[in-house]
Each structure stands twice: as C-alpha cells, then as structure tokens.
4 protein chains.
Amino acid sequence: MNQIKEDIKDYLEKIIKEEKQAARDGKIPEYIEKVDNEDHGAVSMAMMGLDGRYVQAGDDEGTFSIQSISKIISLAVALMDQGEEEVFKHVGKEPTGDPYHSLSKMELQEDGGPLNPMVNAGAIAVVGQVKGSSVDEKFGRILDLTRKLAGNDKIDYNPEIVKAEGHDLNRALFYYNRYGGYINEKHDLEDVLPVYWRMTSIEMNIKELSRIAAVIANYGVDIETGEELIPRDVVRVLKTFMVTCGMYDQSGAFAVDVGIPAKSGISGGIMAAIPGRMGIGVLGPDLNEHRNSIAGIRLLRNISERWNLSLFNQ
Amino acid sequence: MNQIKEDIKDYLEKIIKEEKQAARDGKIPEYIEKVDNEDHGAVSMAMMGLDGRYVQAGDDEGTFSIQSISKIISLAVALMDQGEEEVFKHVGKEPTGDPYHSLSKMELQEDGGPLNPMVNAGAIAVVGQVKGSSVDEKFGRILDLTRKLAGNDKIDYNPEIVKAEGHDLNRALFYYNRYGGYINEKHDLEDVLPVYWRMTSIEMNIKELSRIAAVIANYGVDIETGEELIPRDVVRVLKTFMVTCGMYDQSGAFAVDVGIPAKSGISGGIMAAIPGRMGIGVLGPDLNEHRNSIAGIRLLRNISERWNLSLFNQ
Amino acid sequence: MNQIKEDIKDYLEKIIKEEKQAARDGKIPEYIEKVDNEDHGAVSMAMMGLDGRYVQAGDDEGTFSIQSISKIISLAVALMDQGEEEVFKHVGKEPTGDPYHSLSKMELQEDGGPLNPMVNAGAIAVVGQVKGSSVDEKFGRILDLTRKLAGNDKIDYNPEIVKAEGHDLNRALFYYNRYGGYINEKHDLEDVLPVYWRMTSIEMNIKELSRIAAVIANYGVDIETGEELIPRDVVRVLKTFMVTCGMYDQSGAFAVDVGIPAKSGISGGIMAAIPGRMGIGVLGPDLNEHRNSIAGIRLLRNISERWNLSLFNQ
Amino acid sequence: MNQIKEDIKDYLEKIIKEEKQAARDGKIPEYIEKVDNEDHGAVSMAMMGLDGRYVQAGDDEGTFSIQSISKIISLAVALMDQGEEEVFKHVGKEPTGDPYHSLSKMELQEDGGPLNPMVNAGAIAVVGQVKGSSVDEKFGRILDLTRKLAGNDKIDYNPEIVKAEGHDLNRALFYYNRYGGYINEKHDLEDVLPVYWRMTSIEMNIKELSRIAAVIANYGVDIETGEELIPRDVVRVLKTFMVTCGMYDQSGAFAVDVGIPAKSGISGGIMAAIPGRMGIGVLGPDLNEHRNSIAGIRLLRNISERWNLSLFNQ
C-alpha cells in the first residue's frame, strides 16, 4: 500500500516539475494574487481515494478561496431544498463553449434566462433558490455542507476577499435575473448577493478540496462516516454540469481531452471527481485565456491518459 | 433468455403506447415527410445487446434517412484518416446549447470557425478531412464503414433525398469554411458537398441503427465478428460529442435528464449507445422545437431512469 | 395667413382620419394605457412654425408622459454640462437598427459600453453626466430646460408613472454601466436612476411637445423670447442622433422614408423637428413592432412627401 | 474667382500637410497596396463645385480602385431598374455601427437578411436586382453610369484587382442570400458575383471621384450637361445611406462629427457630397480600425467645421 502511494507521489512530483515552466506563462488576476497571496508558477496536486488513502505533491500553498468551485455546492443545496423541477425553472441546462456568449460577460440566453448554473448569472439564480430567512441562514447552510464535504468544521469565508471582489457586474446580473423572473421578486439584492460573495470566498486547502471531490466521486456518501451528504440523484446532476459546463468556455475541449467531471475557479483551483475511484484537488494560480489553471488542465490530462480516467472511455 | 426479451419487449410496447399521443403534437419537416414517407405518430424502438440479443417494438416504418446521425460516422472516418490533432485544427470542440447561436443558422464561433463537428458547418469541415481523390472514393469510405457498423452491405444513399434537401445554406457554409481556412483551399465545393449530401441521405432500418450504436457501445469492436471497426480512442471522442453536442440545442438538458451518449437526426431517428451494454435505435418523426424526436427523447428518458443508464450515475 | 392655417388643419384632419383605422391594429403597453389613460385609435398632431403659428388636428388626448423623448433633453443638459468630448467617453455614437441587439434588451457593444445615447443603457450613462449634488438638483435642471423648451413652467413629472414602470432592467443597466466605468464609481444607484425615472415620466400636451421641436428646429433659440436655450453645436448633435437613432430599430427605414429628425417614446408620442421651418408633435398610442406610433410614422411620412421635408432631399 | 481657388488650395495643402503624419500610423491591406500601388502616407483631396470649379491638393496618386464606393452606384442602378419597393424586399434599411455585427463578417439580421445595401451581403443582394441578361450587360450598365457620373468614358475595371481580391466570403454571402430568398433562385453565382467583383475594381482618379460626388450633390443632374443621370428621389435614398451607413462601423461617429453624406472604400478613397454645393474626393490609403482612411476622416472633419458643412447644422 505505502509503496503504491510512494509511486503515485513520485509520479505526481515528476509531472508537476514538468508542467511548472509552462504554467508560468499564465496570468493571475490581480485581486486574487493579492488576497490569496498566490505565487506565479506554484503548482500542487492532491488525490484522495474513496478508501481514504491520500497523496499530495508539489508546492504547499496553504489555503485559497474556492471561487466558482462553490457553485457546485450551492447547486447541491438548492437541488436538495427545492428539487430539480423547481430549480430548473430559474436556470437553464445548456452549456456554452463559446466566448461569443461573453457579450457583456452576461452569458444569457436570447430569451433572457441564465444559460446554466455554472455561469455567474445562473449561479446567482441558484443562490436565490437556497432556503433560509436571512443571509446568515442561507450562507450558513452552504457553509455547513462545505464543511461536511471537506471534513473540517473550521472552514470559513474570508471577508477580505469579499471586499476585494468586483461587485457591480453581479449586481447587474441580480437585477437582470429579477427582471426576467429568474430571481423571485420578493428577494432584495441584499438577501442574495452577500450569500454569493461569501460562498466564493470560502477558503480551504488542497486536501480539503480533494475530499469534497472524493465525496462526489463516492456518489454523495461521506468516505469516512458513510453518511449521505448529497442524494445520489443530485450528485448525478452535479457531475453532468461538471462535464458540460465545469471549465468555462474550455469545457468541450476538456471533455474530449480529459473526460473527468471537474469544476475550476479563478483562483486556479480545480476539483475533479473520478466516480467510484477518487477525488482530486489541483491548485495552479496561473490561468490560460479561458480562466482555467494551466497546470491544472495539463496535470489532469496527463493522469487521465495514464490511468484511463475519461468517463467517455469506460 | 427469451423470457427477458419478452419482458423487455412488453415494457417497450407499453411505453411506446404511452408516448404516441404526446409525439403527435410535433412537426415533421415537409421534405422529410415526403421522401422518407413518414407517418405522424409512428414510433418504433430497437435494442441490440453486445451479445447480439435483439428486441424491437412499436410500428415498423421500414427504412429512413439517417440525416445528422451520419455526422458521427464521418467524424470517425476523418479521425481515423488524419488523427485528432489535425481534425481539430479545422473544427472546434465546444458545445452550444443556445438557439442564439442559430443566428443565420451558421453556428460559428466569433473568430469564424465552426463550433463543433455536430453543427452543419463543423460537419462540412470534417468531411473536408476525409481522404479520397474523388467524391465517390470519399463517400465510398464513409458508406463502407456505415455498412460494416450496421451489418448490411446493401445499405446505400437515396439520390431522391439528396435532390429534396436544401443546398444553398450548405454552399454558404462550405465557402465560409474555406474563407476561414477550415476547408483546404485546394478543395472545390463539388469535391466536398456531394459527400455531405449523400451521407445524410443514407437509408437504413431501425435494427441497423441499433447495431451501429451497439458497436460504439462495444468500444468500436464489431459485436459479431470481433473486428475493430473504429479504434477505442476515436470511439471515446465520438461518445464525448454525442454527450456534449448530440441533441442540437437540447444537448445539455438531455445530458442532465437522460445522460446517454446519443445523436439525433431531423428524420426523427436517434442512435444511443450504452457503453458496455447495448445499442439503441429509436424512430419517431414528430419533432420538438429543438428538432429532436419527441417520442425518442421521452422513451430514452424513461428507460434511462428505469434501468439507471445515465453515464453520470455510474 | 388664417386661410393657410385652415388649409393645413383640413389636410391634417383628412390624413388623420385616413390613418386612424390602420393605427388601431397596434399595441398599447399595459402600464402606459393605464397611467396615461390612452385610447386605442386616438391620433392627434400639432405643428408649430418658427413664427409661432400653430395648427392642431385630431383627437385631443390631454397630457401624456414623454418617455424616451426625454432622452433628447437630458442629452442636451449633459452636453451643456460636460462638453461633447467628456460625454462621449461614457456612451457611443453608433446606431443600431437591428433587433438582434435587443439581446437581453441591453443594447450594449461587444466591449461593453452603451451603443448610443438613445438606447436605455446609454440614456442612463448620459444622466450620470448631468451635474447636480442631488437627485432633486439633477432632475430639476432637466425639468427646468423642459419647461423652457415647452413654454410652460407648470410642467412636471407624474409620480404614479414612476411607480408603474418596471425598474429592475434599469437597475441592471445602471450597475452594468458602473461596472464598465460608463457611470462614475462615485455615483450610487439612488443618485442616478430616480432622475431617469422622473424624466421619462414628465407629462405635457401635444402643443408643448411641438414647441420643444420648434426650438430644436430653430437651432436652439426660443421661438418667442429669442433666448438661446441650447447652443447650436449641441442642437447639431441632438439632430444627428434623432436621425440615426431616434426611432428605435426602425431609425434607418424612417431616415430613408421620412428623413426628418425625430424621437419617439413608448407612450406613442413623436417629436419631429424640421430645421428652419417648424416643430411637430404627434400622439398615437398604438405601437408597431418597433415600439413606434403607427399613426405617427404614417402621418410624418405623408407630410414629408407632400411638403418635401426630408433632410436628404434638400 | 482664381483668388478663391488659390486660397482654398492653400488651405487644403496646409491641412493635408498637418494630417500626413497621423495618417502614417494606419494600415494598408496587403492586396490593395500591391494592386493599387499605393504609398504609406500619401494623401490627396479634390473639390468640384456645382459650377465646375475644381481644386486639387496633395500627392497625385493617379488612379485607384473605388472598392465599396461602387456600392452607391450599383444601388442607384438597382433603384432605377426596380424601384424602391422591390429593392427593399431584398435588403434592409437599418444601419449598424457595431463591430459586434461583424460576427463572421456577415452583418446579417437575426432573421437572416442583409442589414443594408452598404454591407457586403446587402451590396450583393442589390447587384442581384440590376437588370441584364448577362454579366457583361449588368456590369456594363453600372460601368456606363459610372462613366457618365465621372465624366470620362474611358473608365474601366482592372481585371488584376478582381483576381487579387478574396472571393470565398462573397461566395458564402451569395449562397446565404439565395438561401434566404434575398437573391432570386433563378440566379447562379456566376450571374451575380463577377458583376460585384468588377464594380469594386473600377479604377479612376480623384478628380473623377469628386465629379461623381458633385453630381450627387447636384441632386443627380450632370453639372456640365444638365442631364438627369439619377432621379432626385433615388439620390435622396443614396444620400440617406451615405449618412447612416457610409463609413462602416464609424458611420454614427462620422455623422455626429462631420455630418456629410459620404462613402468610403478599403482602398482609402472617400466620396463626399455637400448638397447644393460641391463634391469631394479624398484618397489616403492608410486605414483606421474601422477600415476608413485616417487622413480622409480628419480632412473632412476639418473642412466641415471650418465651412459649416454638416447636414445637421443647416
């Protein structure tokens, strides 16, 4: 067992070393670099088996904000709260792999609704579906699930990151959603957006990220306690969007080239779930033109090919 | 064994009966209704196991033109001819689930290239990658693979359907592709488009369609002869596009709701491959607003839920 | 003189009678019908010469809200306050005659800025350029100019109309503008939008509307007092936008067919200025698919052809 | 009289000298540089009064291809051949000032038709409306009008330029137009596109260009012979499109800043008509990002302000 772990660790260290140079050509968004204290060229990767075995390699960057990765968790909460039918009255299911849609960075359908729960407009509409009578209660429920998935009840959001983020585009999307009925007219901006801003500012380390992925890979069942944290049917929906919309406008290429359900964030993190096998966390803050971690994409492609992990090759 | 087949057949007959009424509200494109001699409300479904067991239920409509389903076969030929790297210099990998892209029915990226191999512009660019010194040779190689996959070397295209189809939009897409370099400048319109028109006019029955799906479900290996008709890596790519782009602008919803790699055509056919298990053919000519078979979608959703077939629930 | 007035009045009554039936096929937005108390099929027209001669014909509908017509007045104030160079750092100069741009009803350029001062996003950015330390002061300055142009210092906005209008789309546009820097970050929503909502809710009668047009036709000089209410260079800019963007996505056709600088509003009013000759006000609440008054367009085309009023035929 | 001419010439020489440096930062399309033998930084300007007085200043570059300027002449022929109503069944009247529309450089409306007669798709549809039983006859009629307008019956097109131009995008637009019914289905590509290619390759010098503008400024009447070359109603339509769509996606800014009916071409020429006063030709091959002559725009703005030429200031 330990030998296997050592071999895997050696392999990961080897490929991380190979990819570090390429990664350095990427860009780190200014506010992320500052609030997450990230280093150009830093790369780390973690794997957690469904049996709890854990391997980590690369630089240890400590904690980072999960950003868009949180959209998977809030979607899980909304689906558990309202059911599929209700949630998808407020957000579409269709991917877009075309930067063309980034017109105004709105990513809206012609008839006005948000395209899917992974674009910002859609994620805000999804937050509008989370139950709770206050921002604290709504966010508390998302945070609670995050803590359970990550196996650490100390995890929290960082108010400094909330402050550092741009807010006006999100405000525009909130009102645009409410205008179209995708957010209920009873909700005020202050009921919804602080929840969104806090959830994207949740901080964790790469081990915790890999554990969240492991629970998703384990069909929603906690890999240690055996507790069902997310119903299997909800996990199915999460994994579908991770494949069709998880990597911004690079999702289609990632599906062809890597084929692993995954979600990226602008801080350079990627959470990837290999169903029935393991969870993976990667952190490489240098981003490509699609806003995905350069090193993350390359490392996941490498191991997908080496260990035949593509969902489309099973 | 026979009892299982009988039970499945009974179940299929039962659900076809249930869906027939709903299907009748759809539309059949005029020229398809004429050339394929299709009936409003007709529905049939076929399943072929990887062990060759075969079940069919519903109306027997004889042969029909496979239309866009042929894009999967020509993509297979192009990938076998040129390799992934070369083919994807000429066509993108990104899905679009948004009718917004149907601006001018062009479905092009902002920078001009075809979005993916399943939209018409992309399929034409893919045909430009098929080897052969003449239309007959290029089409012959696509037809040859189709016959082997379907297990019937009598299968052919119907020249009456070629005549009935609209051609000017395809001509526009050909020149648009050549303008952008997605079709090599050495190719003339008459070298490429007749291949495309013939392949979409290939006729077969539903049993043959289910056999093609079965070979894809069998990772490219012929379920009777054991011959590798398509390399496994190419099959992986085909299945990826079937999931992300197989059902026009309903692909995202189909992935969430059904989760089976599938490709639809405007004649109402759907080819669906359950990896490692079986191939499915459905025919229901009445189409919904996304140009997919109403009955086909409903039947596939029904059996996906009943037998847990979603790729995203494995 | 009186004979000429009588002849014109007779002619206007005659053509109004002809157009009334066609107008009835249009639509009146529900909230406009209610707050402006408008009647299907009502049509009235007013002409004011630069010498003060005045002719009115048709139904007398009393006062109505000027809606988008107010965008011309706020643009005048902003240009007087900041100058051309500064104002056009915040809003584009390019027309759009394509409903395609109505994607999300945002009418934004690819790079994010509002297309021109006549689309809603652009008009909101322009309001952000009006000087004043409070909503009351900013709106007061727009209202003051409106009163002078209309020759009635009792003119005011109707708070009931402000309440009846939809607000969320405007809020989205405000934040979208501020996100892109088209509204200064020091401005809060509550500093800007109430000004916009009030100005669109200003009520007047058709004689007053024709007087505003007459002052524009008189190069900004009050036709009675001789006071320069708007500098000639600003009037030149106003007339340019009235021609290129004044009639929503029918502006191009209106330029070809009618050729008169004009601005329409969703309440069915149109203000049209014949440079050096007269101002015209029309009210016909039934709208065509471009949101322009059906009767208004037809009447203006009729008199443009009869009296050779097209700017492009001089 | 001669003194006035001298003064104007001096002024033009002075402002040309001022603008030459700025112009040099522009780009000359490679094939234009070659076939038209154009020089970076060359600038020339010509004015022809309706009384025949003529002033020219700057570098004498000889002849150049008129490119898109020819769209005005073919539109005149089509309108004379078919009338306004028929022509505008095949092409829209709406401007677009947004490069966003250049998606695929198609500039099509959402419902598929060409936006206006000045975009390439629209100009091709207009050529489809020119009468004639052959390419030679159709082009002959456009060339004949061009010669009369320019006052030189030796003017012709340059076959070398036809060869040098890219053709595939035009072919795509032809078929796209025919698909949508904007080109009659009885027309083949070879009936229409050679006419378009030849007309854009017509060569003339700047004096001849200014004479065409002078006839338009003279309401269609030849300034020497007094013959009506184009009916006044057609000239009105031409001037409208010159204002709303004449300068590509800079038309709106040009209308605000300059306000002169004008049409530019990719070879750096601009034809500008001051109604009732004079015709202007400018040539400056260095183009800005909107594909307009940098020097041309600046010179026209300069004289518009100096001599109060804006249509919107009359």
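Chain letters run A, B, ... following the sequence lines, proteins first and then strands; every chain starts at 1.
Side-chain atoms of C:R236 come within 3.5 Å of backbone atoms of D:V256 as a donor-acceptor pair (strictly under, hydrogens ignored). The backbone N or O of D:P275 sits nowhere less than 3.5 Å from a side-chain atom of C:Q314 that would complete a donor-acceptor pair. Judged by distance alone, with hydrogens and angles left aside, the side-chain atoms of D:Y219 form no donor-acceptor pair with the main-chain N or O of C:N313 at under 3.5 Å.
When the heavy atoms of residues 239-247 of chain D are compared with those of chain C, the residues falling under 4.5 Å are D:K239, D:T240, D:F241, D:V243, D:T244, listed by number. Within residues 296-312 of chain D, the residues having any heavy atom closer than 4.5 Å to a heavy atom of chain C are D:S310, D:L311, D:F312, listed by residue number.
Residues D:P95 and C:G252 come closest through the heavy atom pair CD-CA, 3.7 Å.
Residue D:Q250 holds its CD atom at 9.0 Å from NZ of C:K93, rounded to the nearest 0.5 Å.
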